[in-house]
Amino acid sequence: MQRHEAGDSAGTAIHARFRLLGGVLLVAHLLVVGWLTLRPLDVPWAEAANLTPLEGIRADLAYGPLEGARRIGEGLALLAPLGVLLPLISGRLAPSALSAWSSLARTAAAGALVSVCIMMLQTAVPGQVVDVDSVLLNTVGVLLAHAAVVPALRARLRRSRTAYQGPTPRISRVGLGPWTEVLSAVPREY
C-alpha cells in the first residue's frame, strides 16, 4: 500500500478551494445578472423587440461614438465573467491544445445558452425589450474573457500544482534488484 504525501493533498485542496470559490462567484454573478435583466421596469413606452441581427448594434452606434461604445461595452461585459468562472469550476487544467479549444467552445456555448435563456425570460417581464444583438454581444464577451484570462490562469494553476507535489517519495525498505550487480559488470559501449 502506498502512502500519500502531505504535498499531494495540499495541492488538491487548493484546487478544490478555487473550484468552490468559482462556484460561489458564479452563483453571485448570475443573481446580479438576473436582477439587472429580469426586473420589471416602469417605462412610459417600450421599443419593439429587435430580432434582426446587428440592427441593435447599428442603433447603438447611431447615438454617437461614446454612447455607442458604452452601450456595446455593457453588452460585452454583462456575461463576460462566465468566460472565467465556468472553466474555473470545471477544474480541468487543459494540458493539450485540443482540450483548450474544446474548453473555449464549451464556455462559448454555455454563455450563449445563458444569454438565450435571459432573452426568453425577458419576454414575460414588463418594460424589458428583447434584443437578439444582446445574445451576440454577451457571447463575444464570454469568448473575449475566456481567451484573455483562462490560458494564463491555467498555466499558473499547473505551475502551483507541480510545486505542491514535492519530491518523489522513496521507499527505504526496498533494496537493489538481484540483477544490478550482474548488469553493472557488463562493459558498455558509448
Side-chain angles (χ1 to χ4, degrees), residues 15-63 65-94 96-154 156-157:
H15 194 292
R17 280 188 234 147
F18 276 131
R19 291 178 69 182
L20 181 64
L21 176 66
V24 168
L25 289 175
L26 178 68
V27 169
H29 179 261
L30 289 177
L31 287 173
V32 168
V33 166
W35 181 78
L36 288 173
T37 59
L38 298 175
R39 64 186 169 149
L41 298 176
D42 187 23
V43 293
W45 58 275
E47 299 175 7
N50 175 25
L51 299 178
T52 307
L54 303 179
E55 189 63 34
I57 294 174
R58 282 190 206 108
D60 289 342
L61 292 175
Y63 285 111
L66 292 176
E67 182 66 20
R70 185 189 66 79
R71 288 177 176 234
I72 291 171
E74 286 175 358
L76 289 172
L78 182 66
L79 293 181
L82 292 180
V84 177
L85 295 175
L86 289 175
L88 185 64
I89 63 172
S90 73
R92 295 184 183 139
L93 293 180
S96 70
L98 180 62
S99 60
W101 284 108
S102 67
S103 171
L104 182 69
R106 282 191 313 267
T107 304
L113 287 173
V114 168
S115 183
V116 167
C117 287
I118 289 171
M119 186 177 74
M120 293 183 76
L121 289 172
Q122 280 180 338
T123 60
V125 178
Q128 294 287 354
V129 179
V130 175
D131 187 7
V132 72
D133 291 334
S134 65
V135 175
L136 296 173
L137 289 174
N138 292 338
T139 305
V140 169
V142 168
L143 283 170
L144 290 175
H146 186 283
V149 175
V150 171
L153 182 64
R154 284 187 173 154
R156 183 174 180 179
L157 286 174

message: Could you report the tightest heavy-atom contact between Q122 and Q128, atom names first, then the distance?
response: NE2-OE1, 3.7 Å
query: Roughly how far, to the nearest 0.5 Å, is the CG atom of L78 from the CG atom of L36?
result: 7.0 Å
field: Shortest non-hydrogen contact between A80 and A145, atoms and distance
entry: O-CB, 3.1 Å
message: I'd like to check V33 versus L82 (side-chain heavy atoms, cut-off strictly below 4.5 Å). Are they in contact?
response: no
message: Using every non-hydrogen atom in the two residues, find where V130 and T123 come nearest and quote the distance to one decimal.
response: CG2-CG2, 3.5 Å
query: Any idea which heavy atoms bring S115 and N138 closest together, and the distance?
result: OG-ND2, 3.0 Å
Note: R71-E74 ion pair, threshold 4.0 Å (strictly below): no
query: In Å and rounded to the nearest 0.5 Å, what is the CG to CD1 distance from L137 to I72?
result: 6.5 Å
- prompt: Does L104 offer a backbone N or O that forms a donor-acceptor pair with the side chain of T107 under 3.5 Å?
  reply: no
query: Between atom CD1 of I57 and atom OG1 of T52, what is the distance when rounded to the nearest 0.5 Å?
result: 12.0 Å
field: Separation of T37 OG1 from I118 CD1 (nearest 0.5 Å)
entry: 4.5 Å
statement: Minimal heavy-atom distance between H146 and G83, with the atoms involved, is CD2-O, 3.2 Å
Smallest separation among heavy atoms of P87 and V150, with atom names: CG-CG2, 4.0 Å
Spacing of E55 atom CD and D60 atom CG [to the nearest 0.5 Å]: 10.5 Å
message: Quick one: does any side-chain atom of N50 pair with a main-chain N or O of V132 as donor and acceptor, under 3.5 Å?
response: no
- prompt: Rounded to the nearest 0.5 Å, what separation is found between the CD1 atom of I89 and the CG atom of L26?
  reply: 5.0 Å
